[in-house]
Amino acid sequence: MAENYDVIVIGSGPGGYIAAIRAAQLGLKTAVVEREHLAGICSNWGCIPTKALLRSAEVLHYAQHPASYGIKIEGAVTPDLKAIVARSRGIAERMNGGVGFLMKKNKVDVIWGEAKLTKPGEIVVGKSTKPAVQPQAPLPKNTKGEGTYTAKHIIIATGARPRALPGIEPDGKLIWTYFEAMKPEEMPKSLLVMGSGAIGIEFASFYRTMGVDVTVVEVMPNVMPVEDAEISNIAKKQFEKQGMKIHLEAKVTKVEKGANSITAHVEMKDGKIEKITADRMISAVGVQGNIENLGLETLGIKTDRGCIVIDGYGKTNVAGVYAIGDVAGPPMLAHKAEHEAVICVEKIASLPNVHPMDKLKIPGCTYCHPQVASVGLTEAKAKAEGREIRVGRFPFVANGKAIALGEDQGLVKTIFDKKTGELLGAHMVGAEVTELIQGFVVAMNLETTEEDLMHTIFPHPTISETMKESVLDAYGRALNA
Ligand SMILES: Cc1cc2nc3c(=O)[nH]c(=O)nc-3n(C[C@H](O)[C@H](O)[C@H](O)COP(=O)(O)OP(=O)(O)OC[C@H]3O[C@@H](n4cnc5c(N)ncnc54)[C@H](O)[C@@H]3O)c2cc1C
């Protein structure tokens, strides 16, 4: 007889493993099915290994500019690519081992293999069609295998994979996705990055710091197109100062492959075609949900533009089946997946006061140099909504800590509703802003007004003081600029 659970989660990324832990905490008998690597894309091929690479880039950057800090380093400082990649891959393995430990600790059964829904309340787990490339740390001892399993509630958390443009499909050799870009065997001399969203720009930043000649082609009018245009422009100027070439409102229309290089035909803003040759190209044009071979059609589960359609609590149109994380649509971010997981499971357990997902309060961070972070409405979106707003700005160049750190390029921009003083959005570019943004996320979540923020004491000297000054500036009261 099939083993029965209260909750089965398909996929063990940040959506899946967090859903499993929360379900177990609430006393539900829970299993998580995984076909490739515990901890999903985030820890194995996404958030964490990229940050490991970017940390190596940061160390290299400082080591190559010691004189700015009064330090002498004799001889050349050069990156050791093999060691940089090995460090990043080692960290990925440590992360997937950590999720194995958490499953065991929380008494969540791990089922190893590929799951498919066969009817409501039932899945069949078969052999994985996607063998792992990243080493998996030893799995918990009682890990189960192929077979039929049943559960009252099935949560789909199968994540996403790189999207490909027709005719410009990644081949893993000359045209890379994030998988190949994460573990290069040799450093290319030149690189074309197609797409300047968070993934594209983080790789562009990493490779540029490593000394690679990087060109970015973006179809939209700004780099990191979801960000506030003013912040994007500041970041773009910094990238260009570092030697990156950036083409906006430009489109790769065709790629010719040579023996060890590509030539991209790029349609520029003025309609002219420019040929750009590079050793390698990264296709970073977004991701698409893993909705195939899951039995969605058999059960009649609705999808839209490659993702499963859900309500604010993760419910699909079929009773007892839920979806969370990347497979349930944008923004495709790990913290969105985790939060959706908790909401979904708490609703399943009928906890009181479960709030549906509020997508406006999901922060976004890009770990390029300089970093970019934001939450809420951009200035353009607030205006498009017809809101009357007050905008505050405070530059890093007027912040003592930023100057002391040698990181005086940046800006904090805040947007308030003119009538109510409600904080509608915050946008930042500069050092450490990915750590700072959370202050504004908490503020927005508590429906804070300008007054609460002005009465908050920020420690000195910190870069966080730029946050308070930006608020003061929105009301004509900035003190240090
Ligand atoms: C290069 C890169 C950098 C990123 N950086 C960040 C960042 O800095 N911050 C951030 O918030 N987000 C980042 N992301 C996005 C983040 O990785 C995803 O949003 C997050 O992993 C989504 O979590 P998930 O649980 O929905 O899916 P995933 O993490 O994709 O996990 C899904 C899991 O399901 C498994 N699976 C799929 N189908 C089946 C099946 N049929 N049976 C069993 N198992 C199955 C897969 O093997 C996988 O392990 C980045 C992504 C990339 C690619």
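- Annotation: Lys29, atom NZ; neighbour count of heavy atoms from other residues, nucleotides and ligands within 6.0 Å is above 12.
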Exercise for the section: Go through the steps for Tyr17 and Val108 under the test side chain to side chain contact (heavy atoms under 4.5 Å, CB included), then give the verdict. Expected result: CA-CA 9 Å; Tyr17 90 81; Val108 171; over 6 Å; no

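- Here the side chain of Thr378 pairs no donor or acceptor atom with the backbone of Asp228 at under 3.5 angstrom.
- Counting only residues at least two apart or on different chains, the side chain to side chain donor-acceptor pair (under 3.5 Å) pairs with a member in residues 315-330 are His153-Tyr322.
- Nearest heavy-atom pair across Phe396 and Ala431 is CE2-N, 3.5 Å.
- If you check the side chains of Thr150 and Glu122, you find no donor sitting under 3.5 Å from an acceptor.
- Between Leu26 and Glu346 the shortest side-chain heavy-atom distance falls below 4.5 Å.
- Contact of the Ile389 side chain with the Val391 side chain is registered, since non-hydrogen atoms from C-beta on lie closer than 4.5 Å.
- Cation-pi geometry between Lys347 and Tyr313 is met: the NZ or CZ atom falls under 6.0 Å from the ring centre, inside 45° of the normal.
- The heavy-atom pair separating Ala284 from Gly200 by the smallest distance is CB-CA, 3.6 Å.
- In terms of heavy-atom proximity, Arg280 sits nearest to Pro188 at CG-CB, 4.0 Å.
- When atom types are taken as modelled, the side chain of Asp452 and the backbone of His455 share no donor-acceptor pair closer than 3.5 angstrom.
- Between Phe206 and Glu202 there is no side-chain heavy-atom pair separated by less than 4.5 Å.
- In terms of modelled atom types and a separation under 3.5 Å, the side chain of Asp417 and the main chain of Gly421 share no donor-acceptor contact.
- In this structure, the side chain of Glu340 engages the main chain of Gly325 through a donor-acceptor pair within 3.5 Å.
- Residues Gly300 and Val318 share a closest heavy-atom pair of O-CG2, 4.0 Å.
- Here the rule is side-chain contact (heavy atoms from CB on, under 4.5 Å) with Arg208, and of Met244, His61, His369 only Met244 fits it.
- Rounded to the nearest 0.5 Å, atoms CE (Met454) and CD (Glu451) are 8.0 Å apart.
- To the nearest 0.5 Å, atom CD of residue Glu58 and atom OH of residue Tyr367 are 12.5 Å apart.
- Here the side chains of Ser56 and Arg87 are in contact, with some heavy-atom distance below 4.5 Å.
- Glu218 contributes no side-chain N or O that, together with a main-chain N or O of Gly195, makes up a donor-acceptor pair within less than 3.5 Å.
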Exercise for the section: I would like to know whether Glu169 and Arg163 meet salt bridge (charged side-chain N to carboxylate O under 4.0 Å, His left out); could you show each step before the answer? Expected result: CA-CA 9 Å; Glu169 288 87 0; Arg163 198 161 79 85; over 6 Å; no

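- In this structure, Thr158 and Ile291 have side chains that are not in contact, with every pair of non-hydrogen atoms separated by 4.5 Å or more.
- A donor-acceptor contact closer than 3.5 angstrom links the side chains of Asp109 and Tyr5.
- Side-chain N or O atoms of Thr434 include none that pairs as donor or acceptor with a backbone N or O of Ala373 at under 3.5 Å.
- Ion pairing between a basic and an acidic side chain is recognised when a charged N comes within 4.0 Å of a carboxylate O; Lys236 and Glu227 show no such pairing.
- The 12-atom threshold is not exceeded at CZ of Arg55, counting heavy atoms of other residues, nucleotides or ligands nearer than 6.0 Å.
- For His427 and Glu230, the side-chain atoms include no donor-acceptor pair closer than 3.5 Å.
- In this structure, CG on Leu54 lies 8.5 Å from SG on Cys368, to the nearest 0.5 angstrom.
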Problem - Ile8 vs Tyr149, side chain to side chain contact (heavy atoms under 4.5 Å, CB included): CA-CA, chis, key distance, verdict - result: CA-CA 8 Å; Ile8 289 179; Tyr149 298 88; 3.6 Å; yes

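- Here the side chain of Thr30 pairs a donor or acceptor atom with the backbone of Leu28 at under 3.5 angstrom.
- Without hydrogens or angle criteria, Lys361 side chain to Val375 main chain gives no donor-acceptor distance under 3.5 Å.
- Residue Glu385 places its CD atom among more than 12 non-hydrogen atoms of other residues, nucleotides or ligands, all under 6.0 Å distant.
- For NZ of Lys173, the number of neighbouring non-hydrogen atoms (other residues, nucleotides, ligands) closer than 6.0 Å is 12 at most.
- Atom-to-atom distance recorded for Leu294:CG and Ile301:CD1 is 8.5 Å, nearest 0.5 angstrom.
- Without hydrogens or angle criteria, Glu422 side chain to Leu424 main chain gives no donor-acceptor distance under 3.5 Å.
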Problem - Check against side chain to side chain contact (heavy atoms under 4.5 Å, CB included), Val223 and Ile246 - result: CA-CA 8 Å; Val223 285; Ile246 300 175; 3.7 Å; yes

Exercise for the section: Let me see the working for Asn222 and Ile231 under side chain to side chain contact (heavy atoms under 4.5 Å, CB included), right down to the final yes or no. Expected result: CA-CA 10 Å; Asn222 294 304; Ile231 298 292; over 6 Å; no

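- The pair Lys144-Glu3 counts as a salt bridge, with a side-chain nitrogen and a carboxylate oxygen less than 4.0 angstrom apart.
- Closest non-hydrogen pair, Thr449 versus Thr420, comes out as CG2-O, 3.9 Å.
- Few gaps surround NZ on Lys359; more than 12 heavy atoms of other groups in view lie less than 6.0 Å from it.
- Minimum heavy-atom separation, Ala19 to Val9: CB-CG2, 4.3 Å.
- The local environment of NZ in Lys152 is sparse, with at most 12 non-hydrogen atoms from other residues, nucleotides or ligands closer than 6.0 Å.
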Handout entry: Stepwise salt bridge (charged side-chain N to carboxylate O under 4.0 Å, His left out) test for Glu465 and Lys468
Key = CA-CA 5 Å; Glu465 289 167 286; Lys468 181 165 178 173; over 6 Å; no

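- In Glu435, the CD atom is not crowded: 12 or fewer heavy atoms of neighbouring residues, nucleotides or ligands sit closer than 6.0 Å.
- Relative ring orientation between Trp176 and Tyr207 is described as tilted, the plane-to-plane angle lying within the 30° to 60° band.
- Although no hydrogens or angles enter the test, the distance criterion places no donor-acceptor pair under 3.5 Å between the side chain of Lys116 and the main chain of Gly126.
- Asn96 meets the side-chain contact (heavy atoms from CB on, under 4.5 Å) test with Leu38, Ala39, Asn44, Glu93, Gln134, Gln136, Ala137; sequence neighbours excluded.
- Ser283 places none of its side-chain heavy atoms less than 4.5 Å from the side chain of Leu165.
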Exercise for the section: Determine, stepwise, if the pair Lys413 / Glu379 fulfils salt bridge (charged side-chain N to carboxylate O under 4.0 Å, His left out). Expected result: CA-CA 9 Å; Lys413 178 171 174 180; Glu379 185 176 355; 2.6 Å; yes

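- Between Tyr178 and Thr50, every side-chain heavy-atom pair lies at or beyond the 4.5 Å cut-off.
- Counting heavy atoms from C-beta on, the side chains of Leu191 and Ile282 come closer than 4.5 Å.
- Rounded to the nearest 0.5 Å, atoms CD1 (Ile21) and CD (Glu338) are 9.5 Å apart.
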